[in-house]
Amino acid sequence: MSRGAFAFPAAPKLFKRRLLSHFREQSAIIRTAADWTVLLYIIIPGGLLGGRFYYGFWNHELPSWTADLPFALILVLMSIFIANGGLVLLLQEGDLLFLRQRESWIRTIVLRGTVYSLAVTSLKMAAVYAILLPFIVRGYGFSPAAAWALLVMTLACSWCVKLLGHIVKVQRQGFRRWLWLIPAVTVPCAIYIRAGLYWKDSPPLLLLVTAVFAAVTVWAIRYRLRLRGTFMNDVREDYKQRMRIAALLLRGVLDKPRPTRYKPWIFRKSQPLLKSKTPESRFTAAAIKALVRNPAHLKLYLSFTGVGLIAVFIVPSLLKWLIFALLVALMSYWLSSFWLLFSGDDYIGILPFTKEQKAAAGSKTLPLLLLPFALLCSAVICVQLYGWLGLVLFIPVGGIAGYLIANMFSAFRFAR
């Protein structure tokens, strides 16, 4: 049977098919969030307004605040964009089965995917650079030659970082990945920032640094084509990069899947937290462990604690205790809701706890979970208002307030 009888007789045609499929996939994802209504009423007016501002930056006076910004801030901003993202090689899981014996096909797909990813990176970086160009040229006095040299160096640095970061990601796992990934990204970015700061008036020196970045890029491409034994990691990283837009759109809708963990970070041994061995005490200890071990619940608790501490610190003295009472009440309400969710779980329903025992355990859990928050807020207020005397007062004041408010919510929300 001849090659022409196959749907894809050569690797370039297979890559073209996958590239078109990738375009359709990304456009379908974007259309789920930006339909014609969004395009008509938001994107087009926003583009016209942005274009008007951009025209003003070139032809009118720059905003006064730009005079106070150092040029290093521009380079740091560009470095953040350089370090973001990765490569899309358009490899698929089935290639391990169907293309395993065709190494030349896989190399062709990897090479063309790398070139495509670097081209997309160049377009993104050129767009960001074009937005910042009025400030670079008019605000910092760059000559046209220096501006072009800085653009070329930016593109070469972005290629270098993308390739080095990709090579580390597909070869390393766990903490070793970060040990290699941090220098692979930060060292080129640091060289880029230093060269831009010290040689902004010397385009030949910027082009010399560009040549170094380009040489590293060529070496990294050759090394990537010779790399073996990383196919599944390649597919995983490829899928992660293809789903970046979808992940961005769904960030506020779906929770991030929790990683599989064989041991918790805290309370690694299931030892009792409370001295009492009654069923209510063990139920209380289980609820405390459940909150601390759940990253989402713990993050929310710590975030609310941080916001509460800032709130009681900045409000006027006459309002501090009122804000304290309101914050403790809000935290009590959330913790009581957490307890109702925990005690109503299907798994907990298997255990032989009566309604009275659940209410008693909840009444014991709520003050224990509320106490750290109440004590910290009380400490901020007492030390700020009463000085050294506050170090003595904050424990009884915070403890009593937390205990009373927790018991109030327990009586209202926990059915007996």
Side-chain angles (χ1 to χ4, degrees), residues 261 263-312 321 323-383 390-416:
R261 206 178 276 140
K263 287 186 178 181
W265 290 104
I266 193 170
F267 300 135
R268 299 176 69 88
K269 297 181 180 180
S270 297
Q271 296 178 350
L273 295 179
L274 306 176
K275 292 183 178 180
S276 177
K277 296 183 180 181
T278 61
E280 293 81 0
S281 297
R282 296 196 174 189
F283 202 7
T284 297
I288 295 174
K289 291 181 179 180
L291 186 141
V292 175
R293 287 173 174 175
N294 189 302
H297 292 158
L298 183 60
K299 181 180 179 180
L300 183 58
Y301 186 96
L302 296 177
S303 300
F304 190 84
T305 301
V307 173
L309 294 177
I310 295 174
V312 296
W321 289 114
I323 298 299
F324 169 78
L326 292 175
L327 290 174
V328 174
L330 287 174
M331 178 64 86
S332 299
Y333 180 81
W334 177 72
L335 291 175
S336 62
S337 300
F338 162 76
W339 168 259
L340 293 175
L341 182 65
F342 173 76
S343 61
D345 189 82
D346 294 337
Y347 177 77
I348 299 298
I350 301 175
L351 304 177
F353 287 109
T354 64
K355 184 182 292 187
E356 291 76 14
Q357 287 178 319
K358 288 184 178 181
S363 300
K364 194 172 185 178
T365 303
L366 192 55
L368 292 176
L369 292 176
L370 185 63
L371 189 61
F373 175 78
L375 289 178
L376 288 174
C377 291
S378 175
V380 172
I381 296 175
C382 289
V383 172
L391 297 176
V392 180
L393 294 177
F394 84 91
I395 294 179
V397 172
I400 294 173
Y403 180 78
L404 293 177
I405 295 177
N407 284 340
M408 181 181 66
F409 274 86
S410 299
F412 289 157
R413 305 203 67 191
F414 301 155
R416 298 180 182 273

Any chance you could measure S336, atom OG, to I405, atom CD1, to the nearest 0.5 Å?
12.0 Å
What is the distance from atom CZ of F304 to atom CG of L335, rounded to the nearest 0.5 Å?
9.5 Å
Rounded to the nearest 0.5 angstrom, the OG1-CH2 distance for T284 and W339 is 5.5 Å
May I ask you to test the V397-W321 pair for a side-chain heavy-atom distance under 4.5 Å?
yes
Grab the two heavy atoms, one from F373 and one from T305, that are nearest each other, plus how far apart they are.
CD1-OG1, 3.6 Å
With no hydrogens and no angle check, is any side-chain donor or acceptor of S378 less than 3.5 Å from a backbone partner on A374?
no
Flag yes if more than 12 heavy atoms outside Y403 fall under 6.0 Å of its OH atom; otherwise flag no.
no
Ignoring hydrogens and angles, tell me if any N or O in the side chain of Y301 forms a donor-acceptor pair with the backbone of L369 under 3.5 Å.
yes
Can you tell me how far CG of N407 sits from OG of S363, rounded to the nearest 0.5 angstrom?
7.0 Å
Non-hydrogen atoms of G399 and L375 that approach each other most closely
N-CD2, 3.7 Å
Nearest atoms (heavy-atom pairs only) where L370 meets G402:
CD2-O, 3.4 Å
Distance from F409 atom CZ to L366 atom CG, nearest 0.5 Å?
8.5 Å
I'd like to check I381 versus F394 (side-chain heavy atoms, cut-off strictly below 4.5 Å). Are they in contact?
no
Tightest non-hydrogen contact, residues L291 and H297, listed as O-CB, 3.8 Å
Give the C-alpha distance, both sets of side-chain angles, the deciding distance and a yes or no for side chain to side chain contact (heavy atoms under 4.5 Å, CB included) between L300 and W334.
CA-CA 10 Å; L300 183 58; W334 177 72; 3.3 Å; yes
